Amino acid sequence: MKYSAPKGMQDILPPDIYLWQHIESTARSLFFRYGFQEIKIPIIESTDIFVRSIGAATDIVEKEMYTFQDKAGRSITLRPEGTASAVRGYVEHSLYNLPSPQKFFYSGPMFRYERPQKGRFRQFYQIGVEAFGVSQPSLDAEVIVMLKNILESIGLRDLGFEINSIGDEQCRPNYKRALVDFFGKNLNELCPDCRRRYATNPLRILDCKVEQCIGLRQGAPAVTDYLCGECREHFDELLSMLQSMNIRYTLNPNLVRGLDYYTRTAFEVTSGHLGAQKAVAAGGRYDKLVKEFGGPPTPALGFAIGMERIAALLKEIAPVDSPAPRVFIATLGKEAEIEGFKIAEDLRTIGLWVEPNYGGASLKSQLRKADRLGAEFAFIIGENELKVGKIQWKNLKKGGQGEVEINDLAPFLRGV
RNA sequence: GUGGGUGUAGCUCAAUGGCAGAGCACUGGACUGUGGCUCCAGUGGUUGCGGGUUCGAGCCCCGUCACCCACCCCA
């Protein structure tokens with residue numbers, strides 16, 4: 001094989017593409033009801049956009065970005081996520097002058113230079129939402145409920161909703177300090193990765209998978225015990241709203257976010273039916289980011305859904321039907337083929353998928369093809385039919401055959 | 001970036017170091033202009049690539065590439 005798609009990138013072909021369309025159209029229909037409007041954002045941005053928002057010390061920025069120079073020497077990066085662009089656009093177009101909240105969604109590919117594995121790709125697709133301008137927990141609750149409804153409408157079940165609050169710039173430093181104090185006592189017993197995390201991002205020690213580290217974090221301080229008054233209140237209100245709406249969730253004090261811009265609410269939806277990459281959607285608040293981009297202080301939050309992972313789950317549980325032609329027109333001879341094309345055009349004007357015969361094949365093989373395509377009807381046109389101005393119809397799904405005037409095909413199809 | 005696994009027909013997979021095969025799929029026929037079921041036939045391969053060992057390599061060795069899984073990180 002001479003050519004293949006770049007490492008970690010894949011073609012999405014029929015029939016899988018219908019899973020994707022089902023996911024996206026379901027999400028769109030729910031976005032509409034919740035007032036989330038679509039935006040299109042660039043697939044590349046100035047590298048600085050991502051460094052500033054995601055954080056210079058994160059793995060994404062340090063090791064995983066597709067960064068290059070354009071012809072004018074500017075440093076450009078293929079977006080590794082969507083929030084930075086959305087915030088940049090929000091500020092660039094002064095959308096904070098519009099009534100709050102402003103609620104948006106976008107859909108498209110993201111790029112990270114990682115080693116591929118199950119559920120992880122270098123080009124991966126997300127549907128993301130961002131909501132700006134409301135700090136009240138009711139917005140958090142609405143977004144989380146919408147996410148739940150989207151996933152359930154898509155047809156997914158058995159998902160775990162995990163939620164946490166990671167505080168803000170007031171309280172998180174205190175918590176970090178407490179964590180450093182705690183793990184500092186047993187620093188030598190932590191795994192090498194965690195000793196590194198101890199220095200770079202101590203919160204990450206909390207979701208280490210090494211047995212030894214899991215043991216060592218027994219009794220570690222919980223972030224929720226260190227929340228300042230405002231963060232505490234925000235979190236409590238959110239939880240009680242979720243409870244009153246009967247949303248089942250799990251408090252996970254070890255749920256931390258990798259990106260620097262997150263504040264307060266962090267949430268994640270996971271599935272036990274995927275591999276190690278089990279998060280199907282994740283999000284949280286980022287109340288400081290708009291200001292960071294030069295806008296007025298504007299609270300915001302969002303989430304992103306991982307398309308490949310959702311599609312993988314959906315494929316297991318509920319295969320999505322591929323569309324099939326309503327009619328296959330089998331023809332015998334040149335004259336009939338031309339008549340077949342004319343009939344196909346007529347029926348297409350009333351919105352039907354009609355497949356013609358492209359010449360040559362025996363009737364038998366044409367009917368076999370019609371069957372394989374999943375066509376509901378086969379129309380047969382040969383010399384006899386041309387003579388009398390009728391076609392033979394054959395119902396490939398239910399059986400049965402008959403003839404009908406060529407001029408009456410549209411009413412015929414409407415009647416069955 | 002680290003570790004492990006796997007590379008043979010479009011797909012799923014066989015083949016003790018000794019003639020590269022099966023099932024499915026595809027095309028055609030049995031059935032002159034009637035799908036599915038059955039039967040028959042046919043198309044399809046530099047065994048990922050490059051070296052080496054050997055009388056002889058799909059198989060053993062070295063290298064390389066790709067894919068898969070996990071770590072890391074993350075949707």
Side-chain angles (χ1 to χ4, degrees), chain A residues 1-10 54-55 57-65 79-83 107-129 147 191-194 196-197 200-201 204 207-210 255-259 267-271 274-284 302-313 328 330-333 336 360-386 391-401:
Chain A
M1 187 129 5
K2 191 155 189 187
Y3 295 111
S4 56
K7 190 183 187 73
M9 306 192 179
Q10 53 180 348
I54 296 169
T58 59
D59 269 33
I60 292 178
V61 168
E62 280 185 351
K63 304 186 263 192
E64 298 176 358
M65 294 205 303
R79 61 183 187 195
E81 56 111 41
T83 300
S107 168
M110 310 293 165
F111 302 85
R112 291 182 199 171
Y113 193 89
E114 303 179 275
R115 276 286 280 273
Q117 69 182 80
K118 190 178 180 67
R120 189 170 78 178
F121 306 90
R122 289 185 171 182
Q123 175 173 338
F124 59 100
Y125 288 76
Q126 290 189 334
I127 300 177
V129 315
L147 174 57
C191 72
D193 279 327
C194 280
R196 178 175 51 75
R197 292 177 180 122
T200 57
N201 189 354
R204 281 265 153 221
D207 51 23
C208 181
K209 290 164 193 159
V210 175
L255 175 63
V256 295
R257 301 271 67 166
L259 283 48
F267 56 94
E268 193 164 289
V269 186
T270 59
S271 165
L274 296 169
Q277 308 302 320
K278 61 186 171 53
V280 299
F303 66 72
I305 297 172
M307 287 290 286
E308 289 83 357
R309 295 177 189 179
I310 302 277
L313 288 177
F328 183 94
T331 58
L332 293 161
S362 68
L363 180 62
K364 180 184 185 62
S365 70
Q366 290 185 55
L367 287 174
R368 189 155 51 214
K369 186 198 274 187
D371 185 53
R372 272 193 36 234
L373 288 171
E376 184 181 357
F377 282 93
F379 287 174
I380 300 166
I381 310 172
E383 282 177 31
N384 302 339
E385 287 75 16
L386 286 175
I391 59 96
Q392 294 285 327
W393 62 263
K394 193 173 169 69
N395 189 320
L396 299 176
K397 297 290 183 198
K398 300 178 185 169
Q401 179 165 352

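The model shown is predicted, which means the values in this text are computed figures rather than measured ones.
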Subject >> Rounded interatomic separation in angstrom, taking NZ from K397(A) and C1' from G36(B) >> reply: 11 Å
**OP:** For E376(A) and G35(B), give me the distance from atom CD to atom P, rounded to whole Å.
**Re:** 19 Å
Subject >> For RNA chain B, stems built from three or more consecutive Watson-Crick or G-U wobble pairs below 3.5 Å >> reply: B:1-7 with B:65-71, B:10-13 with B:21-24, B:26-30 with B:38-42, B:48-52 with B:60-64
Original post:
Short question: side chain of E308(A), backbone of Y125(A) - any donor-acceptor pair under 3.5 Å?
Top reply: yes
**OP:** Specify the closest pair of heavy atoms between L274(A) and K118(A), including all atoms of both residues, with the distance to one decimal.
**Re:** C-CE, 4.3 Å
Subject >> Whole angstrom value for the distance that separates C1' of C31(B) from CZ of R368(A) >> reply: 11 Å
**OP:** Give the rounded distance in Å between these two atoms: NZ of K364(A) and P of C26(B).
**Re:** 13 Å
Subject >> Side-chain N,O (S365(A)) to OP1/OP2 (G28(B)) below 4.0 Å >> reply: yes
Subject >> Closest-nucleotide 5' rank along RNA chain B - winner of Y113(A) and P6(A) >> reply: Y113(A)
Subject >> Side-chain donor-acceptor contact under 3.5 Å, Q401(A) with Q392(A) >> reply: yes
Original post:
NA contact type, E385(A), heavy-atom cut-off 4.0 Å: base, sugar-phosphate, or nothing?
Top reply: base
**OP:** Would you mind checking if D371(A) and R368(A) are paired as a salt bridge, meaning a charged N to carboxylate O distance below 4.0 Å?
**Re:** no
Original post:
Checking only heavy atoms, does the side chain of Q366(A) share a donor-acceptor pair with the base of U34(B) at less than 3.5 Å?
Top reply: no
**OP:** Sticking with atom P, work out how far G1(B) lies from U64(B), rounded to a whole angstrom.
**Re:** 13 Å
Subject >> Distance, C1' atom - from C24(B) to C19(B), rounded to whole angstrom >> reply: 25 Å
**OP:** Hey, could you give me the CD/CZ distance between Q277(A) and R309(A), rounded to the nearest 0.5 Å?
**Re:** 5.0 Å
Subject >> Interatomic distance at C1', C68(B) relative to G28(B), whole Å >> reply: 38 Å
Original post:
For F328(A) and L373(A), which heavy atoms make the closest approach, and how far apart are they?
Top reply: CD1-CD1, 3.9 Å
Original post:
CD/E114(A) to NZ/K63(A) distance, rounded to the nearest 0.5 angstrom?
Top reply: 10.0 Å
**OP:** Assign E81(A) to base, sugar-phosphate, or nothing according to its heavy-atom contacts below 4.0 angstrom with the strands shown.
**Re:** nothing
Original post:
With rounding to whole Å, what would you report as the distance between C37(B) and A25(B) at their P atoms?
Top reply: 8 Å
**OP:** Look up atom CG in L363(A) and atom CD1 in I381(A), then write down how far apart they are to the nearest 0.5 Å.
**Re:** 11.5 Å
**OP:** Give the rounded distance in Å between these two atoms: CD1 of I391(A) and P of U34(B).
**Re:** 17 Å
Original post:
What string of B, S and - do you get for nucleotides 69-75 of chain B 5' to 3' if you count protein non-hydrogen atoms under 4.0 Å?
Top reply: SBBBBBB
**OP:** Under 4.0 Å between any heavy atoms, over every strand shown, what does G8(A) touch: base, sugar-phosphate, or nothing? Just pick one.
**Re:** sugar-phosphate
Subject >> Distance (rounded to the nearest 0.5 Å) between M307(A) CE and F124(A) CZ >> reply: 13.0 Å
Subject >> Between C67(B) (C1') and Q10(A) (CD): distance, integer Å >> reply: 12 Å
Original post:
Say you pick atom P in C74(B) and the same atom in A66(B); how far apart are they, in whole Å?
Top reply: 25 Å
Original post:
Considering only the P atoms, how many Å lie between A57(B) and U47(B), rounded to the nearest integer?
Top reply: 12 Å
Subject >> Distance, rounded to the nearest Å, where D371(A) contributes CG and A25(B) contributes P >> reply: 12 Å
Original post:
Just how far is it from atom CZ of R204(A) to atom CG of D193(A), taken to the nearest 0.5 Å?
Top reply: 12.0 Å
**OP:** Between U27(B) and U43(B), how far apart are the C1' atoms? Round to whole Å, please.
**Re:** 7 Å
**OP:** Using a 4.0 Å heavy-atom cut-off across all strands, classify K7(A) as base, sugar-phosphate, or nothing.
**Re:** sugar-phosphate
Original post:
Starting at CG of L363(A) and ending at P of A30(B), how long is that distance when rounded to a whole Å?
Top reply: 13 Å
Subject >> C1' spacing across the pair A9(B) / G23(B), given as an integer number of angstrom >> reply: 12 Å
Original post:
So which of M9(A), Q126(A), R79(A) actually passes side chain to side chain contact (heavy atoms under 4.5 Å, CB included) with P109(A)?
Top reply: R79(A)
